[in-house]
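Just so we're on the same page: letters track the sequence lines, and every chain starts at 1.
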Number of protein chains: 2
Amino acid sequence: MTTTSASNAGFAHGRALRPSSKVLPEHARGHNRSLVLQTLYRSGRRSRADIARETGLTRVTVSALVADLIADGLVVELGQREETRPGKPATLLDLDRSAFVIVGLDLSEHSTFSGALLDLDGTISARAEVALAGSTGEAAVEKVVALAQQLVDQATVPILGIGVGSPGVVDLGGVVLSAPNLGWNGMPLQSILNARFGVPVLVANDANAAVLAEHSFGGADSDAMLIKIGHGVGAGLLLGGTPLFGSRFAAGEIGHVVVGTDGGAVCACGKRGCLETWLSIPNLIERLEEEGDAARTAVLREAGERLGIALAPVVGALDLSEVILAGPTELLDGPLAAATVETLRNRTMAEFHGSVTLRMTTLGQDIVLRGAAVMVLSGQLGVS
Amino acid sequence: MTTTSASNAGFAHGRALRPSSKVLPEHARGHNRSLVLQTLYRSGRRSRADIARETGLTRVTVSALVADLIADGLVVELGQREETRPGKPATLLDLDRSAFVIVGLDLSEHSTFSGALLDLDGTISARAEVALAGSTGEAAVEKVVALAQQLVDQATVPILGIGVGSPGVVDLGGVVLSAPNLGWNGMPLQSILNARFGVPVLVANDANAAVLAEHSFGGADSDAMLIKIGHGVGAGLLLGGTPLFGSRFAAGEIGHVVVGTDGGAVCACGKRGCLETWLSIPNLIERLEEEGDAARTAVLREAGERLGIALAPVVGALDLSEVILAGPTELLDGPLAAATVETLRNRTMAEFHGSVTLRMTTLGQDIVLRGAAVMVLSGQLGVS
DNA sequence: TTTGTTAGTAAAGCTTACGAACAAACACCT
DNA sequence: AGGTGTTTGTTCGTAAGCTTTACTAACAAA
């Protein structure tokens, strides 16, 4: 049954069966393969028989799939189980978590592109940064390529793929349709990187990447919304474990939604009272400086209230159970978050949405690049 | 290859492959079977070869699947294609659209349960109603059973299934978790009807059913939100063609979300300024009577503005392309709808969401029961 | 030593889809 | 009229995938 699969191939599946597309036995096989992988990924050190019981597949089938995975270098045998019990001792298996690395890039910061090398567990083994120095357009793409190259050069094992969290609107093919700060309009970043490095590349919106990270590493449940507050305000939505992209790939773009019915500051976009005018970090800092230290709490509370006002209809309509904030802790985690959750509860139906929780991310600065890594994991291995 | 499938069986599949569950060849077969059915459903009168080209399956496979479907009585041969062209003339096929009927029930009206018998195209061949007469709890269930029985008795061909659109919160197993007006709390309506009639039954929230109907019969696209305005206010969401249920099955329950930052009337739920206080039909009528004819437009416009204020964050966050209103045309289709769309556009980012459209449903009073029928179609045949 | 249990493998069989090849039926060209 | 090419739908054989059945290996308990 040794499948003699050519070198590194075998898990470069297309993935993503579109709903209305034929299903061949081979696709079913790929699915079951991912299922085995996923079982090992979530908690390793299981025997073939354990996996069979857990997945519902037979031991025979699991053995065949595991043989494939071992041949591909993704799974290793760890030796026999210590535990003493009747019957033949089990051979424990685990993902070879150091067999591959993932390159994760975060393009969402204002003046820096940062990246890291992550193993399959999400452990970071190397980091790199490039200063943006005001680059836009092609020059900014060159910075991305340079950053990726720096990380690729540091890898000592094969690279599973490159994941990128980019600001702006990104379509499903990894084309950045619009990222004003970087001067990108229809920039095919995914193709460019793929052509350059010859490995699978996945590009998505930064907030979408972030919510994936929070789901995989931060314990967020399957219906969650992550609000990313920085130079702008954006959101990533996870519904039933699947990221939401929207009809024009602009889901989560809530920075320029008007909040409340009582005016507000004029926004760069021309409207008055956009969420960003209250909540973006530059605006927040400006207001804090204007009003002075005495009014600090009041300013933060008001920003939090505005966020709550904007989120209430969304939480209600989507029946979200969890809202997560990402951004500078010193500003967000305090009166602002408290006011947001209060407002949210006062404005939604307790019976349905009373138990909505709001918390800060636990992943700190690395949230986007970890999310980018999750995209690769899920795209290449069907694991998340 | 005649499958000699026992009488009516053969398409009573479980459906709904959960993402993390094994896939057997048999499941793949079911998928491909649905694929063939779906191509015929959308526009019939195709040959086996046509279907093969369209689905990507081979003619051989399509022939086998079609033989199954003919044996099950779902597909019929129509004879040879008239059109004259080279090659052996094709044998045209179509769904046997009158081979089965679907029972669709609408429990969302205030004082009446209504239902209909629909064929696979959604054409209504019989109707029935029962007066609710204030029934709640078990008594209300009896009314539902009586209504279904009335329709079942009128059917002259086998019944594909019963679909029900119920108010309130309904879980995926068709248990009505909470429907205050009917006094239902954890009422297992789906099991009850299934036990009673021995055919597949699907129960879902009325607004969810409605948005499915609008998608299948009303031309709504795959990312749409339907606002159902009646005694209460609720919404049904379709994202990527899939209905959204939410973490507690309460998605779309937006009637008691507070709108705006300037107070409003006190609601039955205790809060002030809920969407329902502005928009529910009883409240709207009351206000129209209070303010008199001269203020009619102003009252309707204000209600529309409130709806727009509540929807803006949702449209922004989800990047919806289409919002649909269902309810009394004489109140909704005019100043109210106009004000809603204006408000929506003023409060969202034109670049992303500018082309959001808002319109009335084209399905009138039958929207919920048609949606209930779509649920059966999609659940039993994988067609929609 | 016997009994019963568990792990993993091997062989055979079923299902499903595919490709090759073919006959039937037709249009079109000479 | 007859040949040529095209299209349809079927038959036959094959490849892939999972299951069932049956087996061996390895262990604990009595």
How long is the line joining NE2 of B:His27 and P of C:dC14, in whole Å? 20 Å

A:Arg48 has an atom CZ; how far is it from atom P of C:dG8, in whole Å? 6 Å

Grab the CG-C1' distance between B:Leu24 and D:dT19 for me, whole Å please. 8 Å

Would you please say whether a donor-acceptor pair under 3.5 Å links the side chains of A:Asp221 and A:Ser321? yes

For A:Ser216, give me all partners under side chain to side chain donor-acceptor pair (under 3.5 Å), at least two apart in sequence or on another chain. none

A:Arg29 has a side chain; which of D:dC18, C:dT16, C:dA7 sits nearest to it? D:dC18

Within residues 49-60 of chain B, the residues having a heavy atom closer than 4.0 Å to DNA chain D are B:Ala49, B:Arg53, B:Arg59, B:Val60

Round to a whole Å and report the spacing from CZ of A:Arg33 to P of D:dC18. 12 Å

Kindly write out the residues that satisfy side-chain contact (heavy atoms from CB on, under 4.5 Å) with B:Ser125, not counting sequence neighbours, or none if the list is empty. B:Leu117

Counting heavy atoms from C-beta on, name the nucleotide in D:dG9, D:dC18, C:dC18 closest to the side chain of B:Ala90. D:dG9

Interatomic distance where CG belongs to B:Leu65 and C1' belongs to D:dT10 [whole Å]: 15 Å

By side chain to side chain donor-acceptor pair (under 3.5 Å) - contacts of A:Arg196 (at least two apart): A:Gln149

Below the 4.0 Å mark, does C:dT16 have OP1 or OP2 next to a side-chain nitrogen or oxygen of B:Asn32? no

A:Pro89 side chain, from C-beta outward: closest of D:dC27, C:dT9, C:dC26: D:dC27

Distance in angstrom units between A:Gln80 CD and D:dA26 C1', rounded: 8 Å

Only counting residues at least two apart or in another chain, list the ones meeting side chain to side chain donor-acceptor pair (under 3.5 Å) with B:Gln80. none

For a quick check under 3.5 Å, do A:Asn194 and A:Ser191 share a side-chain donor-acceptor pair by atom type? no

Which nucleotide in the set D:dA26, C:dC18, C:dA7 lies at the smallest distance from any side-chain heavy atom of A:Ser47? C:dA7

A:Ile70 CD1 - C:dG8 C1' separation (whole Å): 12 Å

Rounded to the Å, how far apart are B:His31 NE2 and C:dT15 C1'? 17 Å

Can you identify which nucleotide, out of C:dT9, D:dG9, D:dT19, has its nearest atom closest to the A:Thr61 side chain? D:dT19

Results of side chain to side chain donor-acceptor pair (under 3.5 Å) for A:Arg46 - residues two or more places apart only: A:Ser43, A:Glu54

